[in-house]
Amino acid sequence: MLSEVEAFHFKGKNFFVKRDDLIDPLLSGNKYRKLYSLIQTPAEKYKTIISYGGTQSNAMLSIAALCQQKGWGFEYYCKPIAQHLKEKPTGNLAHALQLGMKLIEVDHDKYEHAIAGLKTQESAQTLLLKQGGADPLAELGIQQLAAEIAAWQQQEHLKTLNIITPSGTGTTAYYLAKSLPQAHVFTTASVGDNAYLLQQMSALGDIPSNLTLLEPSRKYHFAKPYPEFLNIYEELKKAGISFDLIYAPKMWLTLFARMQNIQGTLLYVHSGGLLGNETMLERYAHKGVHHV
Ligand SMILES: *Cc1c(COP(=O)(O)O)cnc(C)c1O
């Protein structure tokens, strides 16, 4: 077992939480699982990993930590970043740069084309990882997470099990549902809406019938500060577990809005990402957004 399952009492309801956030501070949560097959790969196999996406991404930080451990170069493509960030990087970007990540900025109008062209850089020793680690390579590590959950379900004699975990690319929720046909997986989109998430997941294969996308009660923009996000983050923390400020608040709020239709044991898979809270909390303070 890479992580334990803990009982968690929150807002008058009983949950269990799979503490994947405690596996490793940098290679945390579902990023550890998604990068598991690379963690197991001998260092000699690759020289360079290439990826792309946002500059506060949790996936970016985890890949940087992995590459540093393996002695691999890490080239990360992004859209142009603000001058003040260049001079004084913050949060995940600062950590990743310290870990040796090479940041390559590409103009907005050339970005799509440049990303599509990265394939040509792939070779026996250079691996291209899709944004957010949304790669079939992730399946092996998620299968291990699924096996740990199945063992726990059996040990606890649970006939019905509902698993909750938030989605970015949907890779984690998709492979969890695929690997655990005896359980039901609930998720919600953080990037775009559920229709877009479903489309992203379809790139991985047919959508499993035991996977449900819960509809949030209102629209939220990705990685923006919202008072109710800070609110539930603080409440969760008071109840005993710290979660990330981007994915988890929307998942918990959506779960409470839709929970009346879900019967049986609830297991929340903690997806990690706590290091990103540093910059999010600064943004909340900067915007004057406080919890109520
Ligand atoms: C990356 C991330 C997710 C989303 O995972 P996907 O597999 O891309 O859906 C959820 N929560 C946290 C904290 C993350 O860092």
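Heavy-atom basis, side chains included; hydrogens, waters and symmetry copies ignored. Order of appearance sets the numbers: ligands from 1, and atoms from 1 within every ligand. Along the sequence shown, residues are numbered consecutively beginning with 1.
Within ligand 1, counting atoms from 1 as listed, the ones closer than 4.0 Å to a heavy atom of D244 are 13 (C). Those atoms of ligand 1 with a heavy atom of N58 less than 4.0 angstrom away are 13 (C), 14 (C), 15 (O). Close contacts of ligand 1 with T172, meaning ligand atoms under 4.0 Å from a residue heavy atom, involve 5 (O), 6 (P), 7 (O). Taking every heavy atom of P166 and a limit of under 4.0 angstrom, the matching atoms of ligand 1 come to 10 (C).
For atom 11 (N) of ligand 1, the nearest protein heavy atom (residue, atom name, distance) is S271 OG, 2.7 Å. What sits closest to atom 5 (O) of ligand 1 on the protein, heavy atoms only, is N30 ND2, 3.0 Å. For atom 14 (C) of ligand 1, the closest non-hydrogen atom on the protein side is K31 NZ, 2.9 Å. Taking atom 8 (O) of ligand 1 as the reference point, the nearest protein heavy-atom neighbour is T169 OG1, 2.5 Å. Protein heavy atom at the shortest distance from atom 4 (C) of ligand 1 is G168 N, 3.2 Å. Counting protein heavy atoms only, atom 12 (C) of ligand 1 is closest to Y247 CD1, 3.2 Å.
Using cut-offs of 30° and 60° for the angle between ring planes, the W252 and Y268 rings count as parallel. Ring pair F10/F256 is perpendicular by interplanar angle, where above 60° counts as perpendicular and below 30° as parallel. Classified by interplanar angle (parallel below 30°, tilted 30° to 60°, perpendicular above 60°), the ring pair F229/Y220 is tilted.
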Requested in this report: Would you please test L38 and L129 for side chain to side chain contact (heavy atoms under 4.5 Å, CB included) and show each step?
Outcome: CA-CA 11 Å; L38 284 178; L129 271 178; 3.9 Å; yes
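Annotation: H113, atom NE2; neighbour count of heavy atoms from other residues, nucleotides and ligands within 6.0 Å does not exceed 12.
The shortest N or O to N or O distance between K34 and ligand 1 is below 3.5 Å. Taking distance alone, with nitrogen or oxygen atoms compared against 3.5 Å, G170 approaches ligand 1 more closely than that limit. Between G272 and ligand 1, not a single N/O pair is under 3.5 Å apart.
Looking at heavy atoms from C-beta onward, I142 lies in side-chain contact with K34 at the 4.5 angstrom threshold. Side-chain contact between L2 and R33: present, with at least one pair of heavy atoms (C-beta onward) separated by less than 4.5 Å.
For the atom pair CG (L66) and CG (L61), the distance works out to 11.5 Å, reported to the nearest 0.5 Å.
Side-chain contact annotation: S271 with N30, donor-acceptor N/O pair under 3.5 Å absent.
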